[in-house]
Asks: 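My questions will all concern the structure given below.
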There are 2 protein chains.
Amino acid sequence: MALIVHKYGGTSMGSPERIRNVAKRVAKWARAGHQMVVVPSAMSGETNRLLGLAKEVSPAVQTPAVLRELDMIACTGEQVSVGLLALALQAEGMEAISYNGWQVPIKTDQAYTKARIESIDDARVRADLAAGRVVVITGFQGIDGDGNVTTLGRGGSDTSAVAVAAAMKAAECLIYTDVDGVYTTDPRVVPEARRLHTVSFEEMLEMASLGSKVLQIRSVEFAGKYRVPMRVLSSFTPWDIAIEEEAKSGTLITFEEDEKMEQAVVSGIAFNRDEAKITVMGVPDKPGIAYSILGKVADANIDVDVIIQNVSHDGRTDFSFTVHRNDYQRTVDLLNKDVVPALGAKEVLGDTKICKVSIVGIGMRSHAGVASTMFRALSEEGINIQMITTSEIKTSVVIDEKYMELAVRALHKAFDLDQPNT
Amino acid sequence: MALIVHKYGGTSMGSPERIRNVAKRVAKWARAGHQMVVVPSAMSGETNRLLGLAKEVSPAVQTPAVLRELDMIACTGEQVSVGLLALALQAEGMEAISYNGWQVPIKTDQAYTKARIESIDDARVRADLAAGRVVVITGFQGIDGDGNVTTLGRGGSDTSAVAVAAAMKAAECLIYTDVDGVYTTDPRVVPEARRLHTVSFEEMLEMASLGSKVLQIRSVEFAGKYRVPMRVLSSFTPWDIAIEEEAKSGTLITFEEDEKMEQAVVSGIAFNRDEAKITVMGVPDKPGIAYSILGKVADANIDVDVIIQNVSHDGRTDFSFTVHRNDYQRTVDLLNKDVVPALGAKEVLGDTKICKVSIVGIGMRSHAGVASTMFRALSEEGINIQMITTSEIKTSVVIDEKYMELAVRALHKAFDLDQPNT
């Protein structure tokens, strides 16, 4: 008998019928003798509906007072979900009880709409589990030190589930979603993409940050910090499949390097086309340019991803970086207004038609030549690399957007990711 | 400068545009120097939508555990409303903050779906008012001693508003609704029906219990107990009418008998066709029959309204009472099964085609002959009276349903209710 946390996404909770199916699956686990805590998201579409209402009422600037009310409104979707799931579990003959974040409580800081969990008191939940109840806890929600409702940001229910699993030292946190695991890359781009049976949490972290949308990145950070075994699996398998089979399905996110000995050097290919490239040309090459440029960008609350400073010629250099496409115009305007004149730079060039493609693999730590295999594969396809950035376990390149699919397929093949070996 | 509580019904909160209008009206009051607490209902249709989802998920028996989850689900409609209204107020340039019942807190007993308020701590709300904020508090919601969410039952937001007004000793509690006050009777039945400028709380109590749907009866009880001045008025007057005019509109519910000196003997005619009549024929006339019959009915959680025991003949009598039409068949079945054989009664007769018509007036206390005026008016229309029941300030008759409108019109005229005199 183990303590297990299940998390169900909005699609899995998308209708009364699907909620009844979730209840049947949870009941199966409970009847097998497990203590069950379930963290459901809001029904799909609900959070957007609520925030849409808010926008209709008030297209206001986002002051803390406004953000506080947005959280008050948005978090009701999860409250409805926990109530409905508890009802469905009761209809299955289980004892079940639902809690909001504030009832547990799940305490957070006061950063409305993107709060961070500070502590979880599990006494009440443990008492329910001991009394034989299934406990259903809202994802996404928390409460700050002053008793205000907070939310953890989009996808925050993943983080809630992992945080609850960490606080309660759960044996495993199962993230049920509308895909059946983590793939070597997006199967819509590469039909040969394979599901990984295991992936290291560091690889998962890179993949999440690089655009793979399976998990909220903070949930992976949380899982890593507290070493919570976490599995991504499908909520669309029949609810009554054998529990042993279900417990081995999907993708397990591991923390043990040993388990990865037989693992390929590269585990997956991530990509996104959410970014735009900006180059400040002809910047005087002297100490402090990076700060003079990026300091202004950071002050405007714009996140910068890849950063490249070219070799200088005649005391001048070019400075390139990428930002989210939504921030592109704002960044260019800001540079032209505040940075170019102040630095005496030549001009600002921009390109929104780029993409970033990354190879991720914990094996890269100990294998030389991985990056060069990547560069060769892209070169053989005639794809020009505009920017390169590397970390211990990933290498990313920025290329012309139109080559994205071609690059992903070429890399998937170059690293033999279509060959089963995990 | 006074502390004023506004309550807005679901229709008044029915769309983003209407919510913006509510915000404009509240802002007008705040700018006139009043401290404002606002209690909105859920957007119209929302509570039904939520309970409909619950029913789809689980058509289960209503155990306390089920009712707890229904409250968890249903109360989210009010949470959305307070958030939206606070946003709309902020967009009007006001400082505004919203609270759930548990955040105030509004403490209740544990009777899920029909909880009663036990106490309200106003410290947090007072601090916000002192800081110049408009405070928006959920109607309908509370929290029990164990930290569970409760609701006060349908129409409970009226009670929330009056309870908050009582706890904070507000100068007045204004109930904004989709009618512009309390009428001598339903204008759809009697076009000459007049709006009352004032009505005593006892009359309002009778009218509410007799089927006038303007206010939840418990809110009137609360107002009476704590002597909260309460006004029913329309939320569909233009929001920018002069505040002095608005403050005198609608119907004031008063507690001072003096103010009523000039008042008519009868203030209004109430009616409903929600009831059905049941008669147990040929009951042995011995002590304890009422209990033998109604005890069983009460055990089945069926509310009984009018009760009549006829004069006995030859040691046997007939015992009649009315129940809600929804409970009619269940009551008849129960009597046939458990009561008729046990008592040796003759049979059970029933009639669902009845209605109850009542005259209400605080002046009835000190005026003789009011009931006989009523009976004469009905007799002149050839309407047969089946049952009569009286209290200090009302007289009700049960008659054939088909005569309902005729009876209401005849009584409205007989008591000169179409003549302005308040």
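From a predicted model like this one, the values you see are computed outputs, not experimental measurements. Residue numbers start from 1 in every chain, and the chains themselves are labelled A, B, ... in the order their sequence lines are given, proteins ahead of strands.
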Asks: So which of B:Gln79, B:Arg124, B:Glu69 has the largest heavy-atom pair count under 4.5 angstrom toward chain A?
Replies: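 Winner by heavy-atom pair count: B:Glu69.
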Asks: Please check if the side chain of A:Asp144 supplies one atom and the backbone of A:Asn148 the other of a donor-acceptor pair under 3.5 Å.
Replies: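 Such a contact is found between A:Asp144 side chain and A:Asn148 backbone.
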Asks: Show your working on side chain to side chain contact (heavy atoms under 4.5 Å, CB included) between A:Leu233 and A:Asp180 and close with a plain yes or no.
Replies: CA-CA 5 Å; A:Leu233 68 177; A:Asp180 69 349; over 6 Å; no
Asks: Less than 4.0 angstrom from a charged side-chain N to a carboxylate O is my criterion; do A:Glu46 and B:Arg49 meet it?
Replies: yes
Asks: If the contact rule is any heavy atom under 4.5 Å from chain B, which residues of residues 97-104 of chain A qualify, in numerical order?
Replies: A:Ile97, A:Ser98, A:Tyr99, A:Asn100, A:Trp102, A:Gln103
Asks: Taking atom types as modelled, is there a side-chain donor on B:Thr151 or B:Asp71 under 3.5 Å from an acceptor on the other?
Replies: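 Side chains of B:Thr151 and B:Asp71: pair found under 3.5 Å.
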Asks: Between B:Ile143 and chain A, which part of the residue has a heavy atom less than 4.5 Å away: side chain, backbone, both or neither?
Replies: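 Only the side chain of B:Ile143 comes within 4.5 Å of chain A.
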Asks: Please state whether the side chain, the backbone, both or neither of B:Val136 comes within less than 4.5 Å of a heavy atom of chain A.
Replies: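 B:Val136 has no heavy atom closer than 4.5 Å to chain A.
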Asks: Any idea which heavy atoms bring B:Ala163 and B:Ile117 closest together, and the distance?
Replies: CB-CD1, 3.4 Å
Asks: Over all heavy atoms of both residues, which pair between A:Glu78 and A:Thr47 is shortest? Give the atoms and the distance, please.
Replies: OE2-OG1, 4.3 Å
Asks: Quick check: does any side chain N or O of B:Ser219 sit under 3.5 Å from a backbone N or O of B:Asp158, one acting as donor and the other as acceptor?
Replies: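 Here the side-chain-to-backbone pair does not exist.
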Asks: Where on A:Ala96 is there a heavy atom nearer than 4.5 Å to chain B: the side chain, the backbone, both, or neither?
Replies: backbone
Asks: Do any of residues 15-44 of chain A come closer than 4.5 Å to chain B, heavy atom to heavy atom, and if so which ones, in number order?
Replies: A:Pro16, A:Ile19, A:Arg20, A:Met43
